[in-house]
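Labels below follow one simple rule: chain letters A, B, ... track the order of the sequence lines, proteins then strands, and each chain is numbered from 1.
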Protein chains: 2
Amino acid sequence: MATAVWSVDPRTGKQREEVAVEATPAEVDEAVRAAHAVRGSLADRAVRTAFLRTAADLLDEAGDHVVEAADAETALGPGRLTGELARTTYQLRAFADLVDEGSFLGVMIDHADPDLKPVPRPDLRRYKVPLGVVAVYSASNFPLAFSVPGGDTASALAAGCPVVVKAHPDHPATSELCASVLRRAAVQAGLPADVVRLVHGFEAGVELIRHPLVSAAGFTGSVRGGRALFDAAAARPVPIPFHGELGSLNPVVVTEAAAAERAEEIGTGLAGSMTLGTGQFCVKPGLVLAPSGAAGDRLLSALTDAVSRTEAGVLLDTRMRDNFVRGVRERLDLPGVDSPVTPGESGELAVGAGYLTVPAARLAGGDAHELLLEECFGPVTVVVRYENAAEVSAVLERLPGNLTATVHIGEREAAEENGSGARLLAELTPLAGRLLVNGWPTGVAVAPAQHHGGPYPATTSTSTSVGSTAIERWLRPVAYQNTPQALLPPELRDGNPLGLPRRVDGRPEL
Amino acid sequence: MATAVWSVDPRTGKQREEVAVEATPAEVDEAVRAAHAVRGSLADRAVRTAFLRTAADLLDEAGDHVVEAADAETALGPGRLTGELARTTYQLRAFADLVDEGSFLGVMIDHADPDLKPVPRPDLRRYKVPLGVVAVYSASNFPLAFSVPGGDTASALAAGCPVVVKAHPDHPATSELCASVLRRAAVQAGLPADVVRLVHGFEAGVELIRHPLVSAAGFTGSVRGGRALFDAAAARPVPIPFHGELGSLNPVVVTEAAAAERAEEIGTGLAGSMTLGTGQFCVKPGLVLAPSGAAGDRLLSALTDAVSRTEAGVLLDTRMRDNFVRGVRERLDLPGVDSPVTPGESGELAVGAGYLTVPAARLAGGDAHELLLEECFGPVTVVVRYENAAEVSAVLERLPGNLTATVHIGEREAAEENGSGARLLAELTPLAGRLLVNGWPTGVAVAPAQHHGGPYPATTSTSTSVGSTAIERWLRPVAYQNTPQALLPPELRDGNPLGLPRRVDGRPEL
């Protein structure tokens with residue numbers, strides 16, 4: 001018997017509609033084989049860019065429907081979702097531009113050098129080819145930008161890889177809608193619709209990662225779920241790359257000088273960042289080191305004011321709500337933990353934002369407070385009050401890997417080349433993939449130089465899921481040795497017929 | 001009780017000298033901690049390049065000793081080992097040049113764009129930082145170029161990572177000698193000697209991959225050993241990248257036209273390539289598809305002549321010799337397998353080269369002949385006689401991933417853009433990391449465009465262990481957002497104070 005997949009309204013907890021059925025192993029197999037069968041159709045870069053741009057156009061056209069469907073299933077609100085859709089279509093077009101430009105192919109040509117010592121060199125020409133079918137695991141908290149039409153899909157298609165997306169159970173209707181738009185865009189661009197496939201169901205996700213014709217996977221989600229899939233990817237007879245974004249505390253360190261200069265601004269800014277999207281961002285600042293003393297007190301006072309004024313919100317699903325409520329309670333039970341504003345249940349389904357405090361000394365030693373070093377998904381942060389720089393270092397040393405790390409520093413610290421601000425930034429760099437100064441980590445710009453990844457458990461690889469270099473995850477290099485011109489891919493021929501940026505004999509050609 | 005590590009002469013099977021003892025878990029821990037403690041000393045690129053060049057100079061100076069030690073333990077012969085040493089020092093200097101040039105840092109700068117739609121963009125600056133301590137597992141068959149001073153070590157040091165090398169038991173004395181040269185070079189370049197450490201012993205290798213301060217690993221060896229370490233790397237609480245080169249058949253396809261035009265040349269060339277270094281190359285052509293009929297017969301006749309004339313050789317150790325003899329016997333026991341020149345024991349410790357034949361029809365279906373699709377380390381190759389292109393495709397479809405794949409084609413096939421040669425090359429590309437036309441895979445040039453890697457089991461990642469891009473394995477990107485100039489690493493500052501190649505706002509700066 002097929003298991004029905006229901007769209008659920010998180011504002012009421014009620015089932016909205018039956019959207020699909022969970023894919024059986026045979027159906028997952030059929031989806032992967034169908035995607036694999038059409039992989040050659042993506043070989044032409046011009047067709048790929050047309051497809052990506054058409055997909056962006058059609059998603060924009062269907063914008064009202066998409067936002068409505070996503071809001072009904074996620075309660076993220078039309079404002080946020082309209083922004084997320086704009087980000088999503090911007091991203092699709094940015095990857096099209098990247099494919100046009102061509103440097104992602106990494107073309108290198110070394111002409112033969114018969115006189116080279118110690119040995120002559122043959123003619124070698126290298127570029128990158130797509131890996132094959134990519135499995136994309138959608139995120140709960142970004143029904144668009146990190147789901148069916150999101151960054152993993154966009155970068156995989158840009159690389160020339162068909163995708164099979166595993167829908168997130170929090171937004172199956174949005175997933176179906178977006179997949180149908182992408183498949184329509186494919187056909188309009190002259191491609192088979194099967195370059196994008198969608199499957200539903202937990203077991204389908206497990207089948208997918210094990211499928212012999214799946215060549216790589218992208219994942220955004222929890223540490224538990226991501227690690228299970230990472231383990232399955234590694235345990236295959238033929239292991240495959242698993243690019244997972246799992247979890248992150250996103251530590252923030254506020255220096256004494258910063259607190260003295262901008263206590264209120266920082267307290268208010270923190271409240272805004274940690275409650276954005278009801279605290280459901282992977283880059284939510286979840287651990288904040290603030291100084292003891294008067295300036296730190298002022299910061300907390302501003303934080304209390306702003307957080308208290310924040311409206312309660314509905315989390316993505318009831319399981320997350322239960323986890324949030326339990327997670328807060330468990331942390332509050334630890335010795336030395338206080339809650340100036342207690343986060344938790346607010347009405348039948350909403351949760352209220354809040355924050356906890358703990359002295360740094362509690363966190364610096366022993367394992368009793370280990371829990372405070374784990375991400376708690378939802379509108380809560382932990383403020384660690386420290387006495388001195390040594391306590392800050394002791395806490396930082398215990399932190400796992402993060403997507404981001406932030407410092408708030410004073411004016412003078414920001415201007416000194418080898419001062420305390422610089423030292424702090426250097427201390428944070430090993431902990432994260434993106435470092436911020438006097439800002440907040442929420443808001444991940446889609447830009448070439450972006451890096452959205454970090455030491456485990458932030459990501460399971462050294463790659464990024466946002467920005468131009470996200471495409472690198474789905475490619476592998478191939479070198480051709482002493483190959484006649486007629487047999488070389490055009491990307492590697494003399495005269496550069498495709499006008500690509502290339503490194504020739506060690507020097508950039510364009 | 002410490003377990004002694006003996007250097008053994010493979011030509012006599014006798015122990016030469018006691019070289020070291022196997023490292024205990026505590027000793028592995030000490031080595032990793034010592035390397036980790038000095039990682040900061042490698043931050044300066046100029047110091048790294050001086051170190052790499054000094055290491056090359058000192059190895060050249062110690063050349064006679066190094067070659068003598070390596071020959072005594074491996075029986076590879078002074079000629080081959082002198083060449084391997086030259087390759088090794090060339091490689092160290094090539095990585096120094098790469099570090100000087102700086103594009104491996106992948107610097108990208110996106111200036112803030114407050115007017116960008118749909119959202120303003122912050123200032124983002126990205127480059128790559130070293131991962132930390134790298135574990136290097138030496139290869140049996142390259143005591144220099146893929147061992148202590150080899151490509152993994154050179155590329156890791158170039159990236160700014162200290163290394164802890166696990167010596168191969170086939171050449172512990174050479175390993176000790178090379179490690180002491182590298183450590184001396186470090187000190188001469190103003191670095192702590194502990195940027196390079198050496199450990200011996202199987203258990204030490206297992207401890208090493210599990211050590212929390214080891215950040216990545218490079219491996220060259222067997223499928224069994226490499227897979228066990230890959231699994232251990234993936235199973236860690238914090239998984240790490242494992243770049244392993246495990247095994248490869250290196251298929252060769254000879255077309256009917258090639259055989260008709262150059263049967264003798266191809267047969268003789270194949271004999272030279274498959275028996276080079278007594279067949280102990282990871283890129284040895286291990287499976288050759290040759291046409292049935294008269295031209296193919298001439299090819300085999302030339303192969304028989306050349307292989308028969310090849311002198312018997314001594315393999316690296318007795319375990320390999322036993323595996324080779326058993327491997328050949330098991331293959332010969334399969335129905336339809338013949339041996340025009342039977343490989344196997346020759347005198348007390350040497351082995352003679354030979355080759356097997358099998359009709360393609362035997363390999364194309366069923367699993368009885370699966371064994372022929374596994375690498376057999378030593379001077380043997382399997383010639384598969386085919387009737388038509390369909391049989392070639394059927395065999396290729398069954399092949400696992402490879403480091404290389406080669407075609408020998410006729411003159412006309414080499415000149416036709418969409419002819420049978422081009423189709424064959426396209427069919428082989430998914431199977432390998434390096435494609436060769438009318439050549440032989442043995443001989444892996446150290447060059448920027450080289451790619452020495454391929455689909456599993458050739459390698460466990462999409463990376464290369466030879467060529468410039470080998471350095472990418474030991475780096476991870478970091479992005480700085482809205483960071484004041486004084487706090488930015490100099491690599492990312494305005495005005496490009498280090499004169500690095502950078503992409504600024506999407507355009508190459510140098």
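Listed options B:P448, B:G454, B:G419 were ranked by heavy-atom pairs under 4.5 angstrom with chain A; first place goes to B:P448. Each of A:R227, A:R121, A:E416 has some count of heavy-atom pairs under 4.5 Å with chain B, and the biggest count is that of A:R227. Taking B:I409, B:T469, B:L475 one by one and counting their heavy-atom pairs under 4.5 Å with chain A, the maximum is reached by B:T469. When each of A:A415, A:A445, A:G433 is checked for heavy-atom pairs under 4.5 Å with chain B, A:G433 comes out on top. Interface remark: of the candidates A:A86, A:P477, A:S468, A:G83, A:P477 forms the most heavy-atom pairs closer than 4.5 Å to chain B. Between chain B and the options A:A447, A:S461, A:P400, the largest number of non-hydrogen pairs under 4.5 Å is found for A:A447.
For A:E101, the CD atom is densely surrounded, since the number of other residues' heavy atoms within 6.0 Å is greater than 12.
Using a 4.5 Å cut-off between heavy atoms, B:R236 contacts chain A through its backbone alone, with no side-chain atom that close. Contact annotation for B:A432: only backbone heavy atoms (N, CA, C, O) come within less than 4.5 Å of a heavy atom of chain A. Looking at B:R434, both its backbone and its side chain come within 4.5 Å of chain A, counting heavy atoms on both sides. With a 4.5 Å cut-off on non-hydrogen atoms, B:P237 touches chain A through its backbone but not through its side chain. Neither the backbone nor the side chain of B:R423 has a heavy atom closer than 4.5 Å to any heavy atom of chain A. Residue B:I240 does not touch chain A at all, counting heavy-atom pairs closer than 4.5 Å. If you measure heavy-atom distances from B:L98 to chain A, you find no contacts under 4.5 Å at all. Within the 4.5 angstrom heavy-atom criterion, only side-chain atoms of B:S103, from C-beta onward, approach chain A. With a threshold of 4.5 angstrom between heavy atoms, B:V478 approaches chain A through its backbone and through its side chain. Both the backbone and the side chain of B:T429 come within contact range of chain A, each with at least one heavy atom under 4.5 Å from a heavy atom of that chain. Only the side chain of B:F230 comes within less than 4.5 Å of a heavy atom of chain A; its backbone N, CA, C and O stay farther away. Of the atoms belonging to B:A216, not a single heavy atom falls under 4.5 Å from chain A.
A pairwise comparison of heavy atoms in A:R476 and B:P455 identifies NH1-CD, 3.8 Å as the closest pair.
Summarising the geometry, atom CD belonging to B:E472 is positioned 7.0 Å from atom CD belonging to A:E472; distances are rounded to the nearest 0.5 Å. Residue A:Q450 holds its CD atom at 9.0 Å from CG of B:D110, rounded to the nearest 0.5 Å.
Close approach to chain A, defined as a heavy atom under 4.5 Å from one of its heavy atoms, is seen in B:L436, B:V437 of residues 436-444 of chain B, taken by number. Residues of residues 479-491 of chain B that come within less than 4.5 angstrom of chain A, heavy atom to heavy atom, are B:A479, B:Y480, B:Q481, B:N482, B:T483, B:P484, B:A486, B:L487 in numerical order.
Side-chain atoms of B:K128 and A:T462, non-hydrogen and from C-beta on, never get closer than 4.5 Å to each other. Looking at heavy atoms from C-beta onward, A:T464 lies out of side-chain contact with B:R126 at the 4.5 angstrom threshold.
Under a 3.5 Å cut-off, the side chain of A:R503 and the backbone N or O of B:A449 do not form any donor-acceptor pair.
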